[in-house]
Amino acid sequence: MLLEISDLAIDLPSPAGARRVVHDVSFSLGAGESLGVVGESGSGKTMTALALMALLPDGACVSGAIRFEGRNIAGLGEAEMQKLRGDRLAMIFQEPMSALNPLHRIGAQVAEPLVLHRGMTKAAAWAEAVRLLDRVRLRDPERIARAYPFALSGGERQRAMIAMALSCAPDLIIADEPTTALDVTVQAKILDLLASLGEQSNMAMLLVSHDLAVIARHCRRVLVMYGGTIMESGPVDAVLRRARHPYTRALLEARPRPGAPRGERLRAIAGVAPPSASAPSGCPFAGRCPLTIDVCRTAPLPTVEFEAGHRVRCQRVDASGRLT
Amino acid sequence: MSASALKARGRAGASLRLGFALVALLIGAAALSLVWTPYPPDAIDVPHKLLQPSFAHWLGTDGLGRDVASQILAGARVSILVGLIAVGIGLAFGVALGLLAAAAKGVVEDAIMKLCDLTFAFPALLSAIMLTATYGPGVVNAIVAIGVYNVPIFAKLTRATANGVLAREFTLAARAAGRGPLAIAFDHVLPNVAPALIVQATIQFAVAILAEAALSYLGLGAQPPQASWGRMLSDAQSWMYVAPRLAVFPGLAVALSVFGLNLLGDGLRDALDPRLRARG
Amino acid sequence: MLAFAFQRLLVLAATLAFASLAVFGVLEILPGNAAMTMLGASATPEAVAALAHKLGLDQPMATRYWSWIAGALRGDFGLSYAYDSPIGPLIAQRLAVSGPLALLSMAIAGAVALVAGVYAAERRGRAGDAAVMAATQVGLAVPNFWFAILLVLVFAVHWRLAPAGGFPGWQAGPTRAFSALILPAISLGLVQAAILTRVTRSALLEALSEDFIRTARAKGLSRRATLWRHALPNAMTPILTIMGLQFANLIAGAIVVENVFVLPGLGRLIVQSIANRDALVVEDCVMLLAAFVIGLNFLVDLACAAIDPRLRAHAP
């Protein structure tokens with residue numbers, strides 16, 4: 001198993017003391033697998049991703065275990081983490097417009113991990129960078145390598161970011177909303193690229209997004225997060241077709257339906273998401289959930305696996321997946 | 001809000017209070033000197049020259065027997081006078097120029113801004129020197145030169161904010177309602193610029209005090225018998241080997257005044273900005 | 001890059017032209033007669049007229065301006081009334097002191113600002129940062145000529161480590177010459193160091209909050225490497241720009257500091273010429289100083305464009 005997370009909890013500093021933004025998160029990811037993490041803003045999905053890279057904001061506290069290739073990297077020293085970042089673990093971010101240094105050429109930025117982790121000379125790394133830019137299907141990779149970020153479009157920059165992430169052939173690539181800032185037409189191409197590259201090199205991918213459709217197309221398994229914890233997880237088909245958690249079902253119902261009669265209102269989920277896990281105990285969705293009962297607010301969430309690999313955490317769902 | 005941001009807020013309040021206290025001290029000293037000083041600041045008393053600080057002379061006497069403490073008090077007068085008028089000139093002409101630039105736009109705006117940039121090549125001291133070369137030394141020339149230097153600073157500030165305000169829709173609505181440019185300037189632009197102008201004014205006040213001290217040191221500013229901290233420093237230099245303490249007090253006076261004004265400016269900026277953001 | 005440089009060069013020439021008009025205008029606008037000011041109020045009208053004719057002051061303003069500019073471009077800066085010698089060599093001699101002084105103090109200020117600014121940015125919000133900010137506040141408030149006097153008191157009078165004033169000349173050897181410049185350069189550099197430290201710190205903090213810093217760390221770069229390789233270059237543009245703007249203030253400060261240390265530089269020449277009523281010398285010196293400031297800002301523009309490719313790009 002490439003990645004095993006157990007009981008991950010993340011606390012962030014705040015004027016009122018430490019605030020728990022992620023709690024009770026456990027999942028695993030095998031080599032070459034693709035896992036999607038879906039949730040709204042404040043669900044803790046980005047924090048979870050950052051925790052894997054140990055790039056949380058200063059003052060953040062992580063508890064639980066993050067086992068990468070058998071080794072617990074939670075709480076690993078900074079020097080050790082630096083060796084892993086960019087080499088075994090790579091991450092691409094949401095805003096390609098600002099994620100590249102405007103003063104350095106693209107080629108140099110793509111080559112930087114190679115120089116850092118593989119000890120290549122600048123010239124050799126540059127040549128390899130051009131090859132990588134070609135692999136991410138950029139036209140005229142030589143020109144792109146010599147160019148500066150401001151001369152590239154959003155889609156081109158994100159491809160360059162992917163090339164940068166791939167440079168040392170990492171075992172795991174984490175993509176945090178990689179296409180949210182891009183045009184719709186470009187989004188699909190980028191995601192297809194990521195998926196195919198993943199398959200080619202047996203690279204595992206953790207795709208974080210608020211967009212169910214994106215996850216559905218490109219991931220084998222999915223985690224649904226809300227209020228800092230996992231509500232439902234399993235193979236994508238199973239979760240989409242046989243969702244059991246009230247939140248997941250509400251998400252699925254809230255999607256606009258093409259072909260629906262005119263004037264039909266979108267079924268939004270009433271209420272607002274909690275500002276990052278303010279629920280001290282019980283289910284974070286309690287109150288907003290239409291099926292809330294008393295025990296939802298007080299008892300810790302159970303985990304029920306009612307079909308192969310498909311788990312749900314809800315007080316109202318029993319062991320066979322039926323609503324009680 | 002992070003812990004460090006909270007600490008920063010606390011520090012801002014402290015700097016505001018300390019700055020205010022020091023500036024109040026400066027103004028108080030100047031005001032006091034108008035009605036009373038321990039001795040007349042220009043009273044020459046050569047038999048009692050170069051005395052150590054004592055009960056009779058709190059800070060001692062200088063090379064001509066003049067009481068140092070009295071001169072320090074009187075020197076505050078010149079510093080405040082120069083600061084006030086120079087900043088006043090800068091504000092009056094600078095704000096008007098800035099408003100004009102923002103309203104006129106196009107070539108006029110560019111021309112005014114280029115003119116402002118040109119002035120930055122001539123720092124206050126240099127302009128003051130040019131003026132004294134032409135018209136002779138004196139406080140008035142110092143004030144005019146420093147004041148003229150302030151004009152482009154306030155002009156640029158005003159124009160930048162004015163452009164921002166004028167671009168917003170409510171001014172469009174005001175114009176559609178038939179309000180004239182003057183009314184818009186007073187009702188909308190000035191309230192938005194005022195906080196930034198106040199902060200900048202305290203900073204320019206400090207700059208003016210420094211410039212005046214430098215000019216007086218060179219003999220180009222306030223002329224004797226008018227007491228001025230810069231001139232005291234120049235006199236002190238002649239007595240450096242005999243009475244080094246004479247160099248300490250006037251410089252300390254300048255430093256504390258400037259320090260206080262800068263702290264006040266910083267504190268005001270922190271106090272005014274968040275409220276601005278909350279309102280806007 | 002070349003097109004950018006050429007465009008800036010044109011702006012430079014235009015700015016210099018305007019500056020010369022400004023200098024000439026201010027100094028020649030006096031209602032009285034320059035010759036009369038030189039000779040004093042008690043001079044006879046004939047003496048005044050004779051001097052005015054000798055100095056070419058009775059010609060129309062435009063002619064005087066033109067001959068001044070044309071002469072300067074040729075290298076002929078006119079004759080000093082007080083010294084009765086060509087101004088050009090006089091200025092060159094004084095430049096040999098003021099130039100190195102300005103460069104030395106800028107270098108000191110830059111070095112201090114870099115170290116202190118990076119230190120403060122790395123320790124943002126903690127004690128080290130607060131200490132640096134407090135120190136810069138003090139540095140901003142201290143008048144440079146007072147600091148100079150204090151330095152002289154401590155290092156020259158008390159400890160006798162450096163000369164209290166005067167300049168032995170470059171022919172006395174670089175060590176002796178520099179030791180005469182070191183205290184003046186430090187006192188000049190203090191205020192600049194304070195200002196530049198603040199600018200460095202804030203520019204760095206701004207750069208460190210950008211997204212590409214997170215990308216750099218995700219690649220496995222250490223905090224230190226990220227700061228020096230990614231953050232600092234992005235902070236350089238505002239730092240260099242402020243350095244250029246401050247140069248004018250540095251020169252103004254040099255005028256005073258040269259008088260404290262009795263250095264035979266341009267600053268002292270200006271002050272002495274005012275006392276001597278030598279208007280042409282003052283005019284030439286002021287123009288020269290303005291030209292230096294404008295020229296330096298031009299160089300700063302070029303340097304910023306060299307660092308930041310976005311500045312030299314033409315709109316696509």
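Computed from heavy atoms alone, side chains included, the values below leave out hydrogens, waters and symmetry copies. Order of the sequence lines fixes the chain letters, A, B, ..., with proteins taken first and strands second; residue numbering starts at 1 for each chain.
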What one should report as the nearest heavy-atom pair of B:V258 and C:L140 is CG1-O, 4.0 Å

Run the salt bridge (Lys or Arg N to Asp or Glu O under 4.0 Å) test against B:R66 and tell me which residues pass, sequence neighbours left out.
B:D62, B:D235

Portion of B:A206 that has a non-hydrogen atom of chain C nearer than 4.5 angstrom
neither

What one should report as the nearest heavy-atom pair of B:V254 and C:P143 is CG1-CG, 3.4 Å

Only pairs of heavy atoms separated by less than 4.5 Å count here; which of C:V11, C:T15, C:L153 has the most with chain B?
C:L153

Closest heavy-atom pair and its distance - C:A141, B:L210
O-CD2, 4.1 Å

For chain C, find which of B:L252, B:L220, B:L263, B:L215 contributes the most heavy-atom pairs closer than 4.5 angstrom.
B:L252

What's the spacing between B:D266 CG and C:M133 CE if we round to 0.5 Å?
7.5 Å

Bottom line for C:F145: the part with an atom under 4.5 Å from chain B's heavy atoms is side chain

Counting neighbours of OH on C:Y65 that are heavy atoms of other residues, nucleotides or ligands and sit closer than 6.0 Å, is the number greater than 12?
yes

Any donor-acceptor pair under 3.5 Å from B:Q237 side chain to C:V260 backbone:
yes

If you count heavy atoms of other groups shown closer than 6.0 angstrom to CD of C:E206, is the number above 12?
no

Interface check, chain B: of C:A22, C:A14, C:A248, most non-hydrogen pairs under 4.5 Å belong to C:A248

So for B:L233, is it side chain, backbone, both, or neither that comes closer than 4.5 Å to the heavy atoms of chain C?
both

Residue from C:V152, C:L245, C:I149, C:V271 scoring the most non-hydrogen pairs under 4.5 Å with chain B is C:I149

Among residues 286-295 of chain C, those lying within the under-4.5 Å heavy-atom range of chain B are C:V286, C:L289, C:A290, C:V293, C:I294

Check each atom of B:Y217 against the heavy atoms of chain C and say whether the ones under 4.5 Å are side chain, backbone, both or neither.
side chain

Report the distance from atom CD of C:Q137 to atom CG of B:N262, rounding to the nearest 0.5 Å.
5.5 Å

Taking B:G230's backbone N and O only, do any of them form a donor-acceptor pair with C:W146's side chain (distance below 3.5 Å, no angle check)?
no

Given that the side chain runs from C-beta out, which part of B:L256 has a heavy atom under 4.5 Å from chain C: side chain, backbone, both or neither?
neither

